[in-house]
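Inspection log for the structure reproduced underneath, given as structure tokens.
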Amino acid sequence: MKQMIYLDHAATTAVRPEVLDAMIPYFSQKYGNPSSIYDFASISKTALRTARNAVASLIGADERDVYFTGGGSEADNWAIKCCAESYSSKGRHIITSKIEHHAVLYTCQYLERCGYTVTYLTPNELGIITPQALQAAIRPDTILVSIMTANNEIGTIQPIQKLGQICKEHNILFHTDAVQALGQISLDVKQMNIDLLSGSAHKLQGPKGVGCLYIRPGISIGPLIHGGGQERHRRAGTENVPGIVGFGKAAELALTHMDEKSEKEKKLRDYFIQSVLERIPFSRLNGCPKNRLPGNVNFSFQFIDGESLLIMLDMEGICASSGSACTSGSVDPSHVLTAIGLPDEIARGSIRFTIGEENTKEEIDYVIDKLDSIISRLRSMNPVYQTFTSKSR
Ligand SMILES: *Cc1c(COP(=O)(O)O)cnc(C)c1O
């Protein structure tokens, strides 16, 4: 394989070597089932406990309030479906936003088919869900609010503490999908008024297929997965011990490296943004310049088809992403970009780069050069652009 530049860390990340090392013994040496009673199994049980502690520390929670799941999507499904079910006698209205991950959006759509009513809040043009917008949407029968901590496409970080405060004042449960934020920015469930929080290991250099749900004590929701008594009777199924050990190690490392990693990524991010906006005409940055995940860069280029741009970048060994969804052969513009008010033709010319700790300035410089030349080439073949520029001359 030729040299690859990976700028898609919001999609997934490589497992850190230390994480892999921590996991390996739990496949074929320390393979005991944590539920068994002999001493050999207690090794696995202790490993779960250590991992739970590390994940809890990353979000300021108590160890006993963290439950392991089969990923971020499962955690979102569990939080939303089971809160809806358990609190339905109080009401059947849920508030979320138009920019959530599909694990939240499609779960809410499913609940609408089950007789619940859902309000989808529109963010402002920077992608922020304002406390005023939330306040205005609350009804006497609202039981749950689910707003993501940070957006996976445009990187906008939400005013979670304030949103949580409003929910608390109205005695409404507050869930946040923190999958993109976990390990990237500091989180504290108590200080931020969070009742339920979803996380996923593979977005912070842990393994795929492991996640967590924090549930504040006092919230009585049932399990999503019924069966054995694992996870204090709240999530059945023999624990993914190696995966959970990996999640724990990744959480521990994320906590100790957070400041250093975030400083490094922010520097590259701001350099990337500034260089592109200066060098490439008809380009814009999507999302909030300030309240933004350290590694997120999202541009729209006028007169460009984002899918073509992605393919041409791929031919240069550059991995990036567009938020567009390929549904039945046609490309729909990203629901997030549409929600922040971008017209379809601009949204279709959008691309996301998500920087990780191992990326270098040399790589970013290479990407900027390639972007510049590919965009010039694509525009030179675009009759709309040709007409536009000849008119403005
Ligand atoms: C990746 C992601 C998810 C899904 O997590 P999985 O572990 O892949 O199921 C949910 N929400 C957000 C914001 C994500 O970025």
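In listed order, ligands and their atoms are each counted from 1. A quick note: this is a predicted structure, and the numbers were derived from the prediction, not measured. All residue numbers in this chain count up from 1 along the given sequence.
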Practice task
Could you see which bit of K203 sits under 4.0 Å from ligand 1, with heavy atoms only: side chain, backbone, both or neither?
Solution key: side chain

Problem - atom 4 (C) of ligand 1: the protein heavy-atom neighbour that sits closest, reported with distance to 0.1 Å - result: S73 OG, 3.5 Å

Handout entry: Where ligand 1 meets G71 - atom numbers and elements under 4.0 angstrom, heavy-atom basis
Key = 7 (O)

Exercise for the section: Identify, by atom number and element, the atoms of ligand 1 in contact range of V179, meaning under 4.0 Å from any of its heavy atoms. Expected result: 1 (C), 2 (C), 3 (C), 10 (C), 11 (N), 12 (C), 14 (C), 15 (O)

Exercise for the section: Flag the pair T107 / L105 as yes when at least one side-chain heavy-atom distance between them is below 4.5 Å, and no otherwise. Expected result: no

Handout entry: Quiz item: cation-pi between R379 and Y385, 6.0 Å / 45°
Key = yes

Problem - Atom indices of ligand 1, in the order listed, that fall short of 4.0 Å to a heavy atom of H202 - result: 6 (P), 7 (O), 8 (O)

Exercise for the section: Give the contacting part of N151 toward ligand 1: side chain, backbone, both or neither, where contact means a heavy-atom distance below 4.0 Å. Expected result: neither

Handout entry: Closest protein heavy atom (residue, atom, distance) for atom 11 (N) of ligand 1
Key = D177 OD2, 2.7 Å

Practice task
Look at atom 3 (C) of ligand 1 and say which protein heavy atom is nearest, naming residue and atom and giving the distance to 0.1 Å.
Solution key: H101 NE2, 3.5 Å

Handout entry: Protein heavy atom at shortest distance from atom 7 (O) of ligand 1
Key = S200 OG, 2.6 Å

Exercise for the section: Could you say whether the N/O atoms of G72 and ligand 1 ever approach to under 3.5 Å? Expected result: yes

Problem - For Q180, the ligand 1 atoms whose distance to one of its heavy atoms is below 4.0 Å - result: 13 (C), 14 (C), 15 (O)

Handout entry: Residue pair K203 / T13, side-chain donor-acceptor N/O under 3.5 Å
Key = no

Problem - N152 N/O to ligand 1 N/O under 3.5 Å - result: no

Handout entry: Geometric class of the F40/Y38 ring pair [parallel <30°, tilted 30-60°, perpendicular >60°]
Key = parallel

Exercise for the section: Ignoring hydrogens and angles, state whether a donor on the side chain of E265 or S262 is under 3.5 Å from an acceptor on the partner side chain. Expected result: no

Exercise for the section: State the CD-CZ distance between E252 and R16, to the nearest 0.5 angstrom. Expected result: 10.0 Å

Handout entry: Cation-pi geometry met for R92 and Y116 (6.0 Å, 45°)
Key = yes

Problem - Side-chain heavy atoms of R52 within contact of I244, under 4.5 Å - result: no

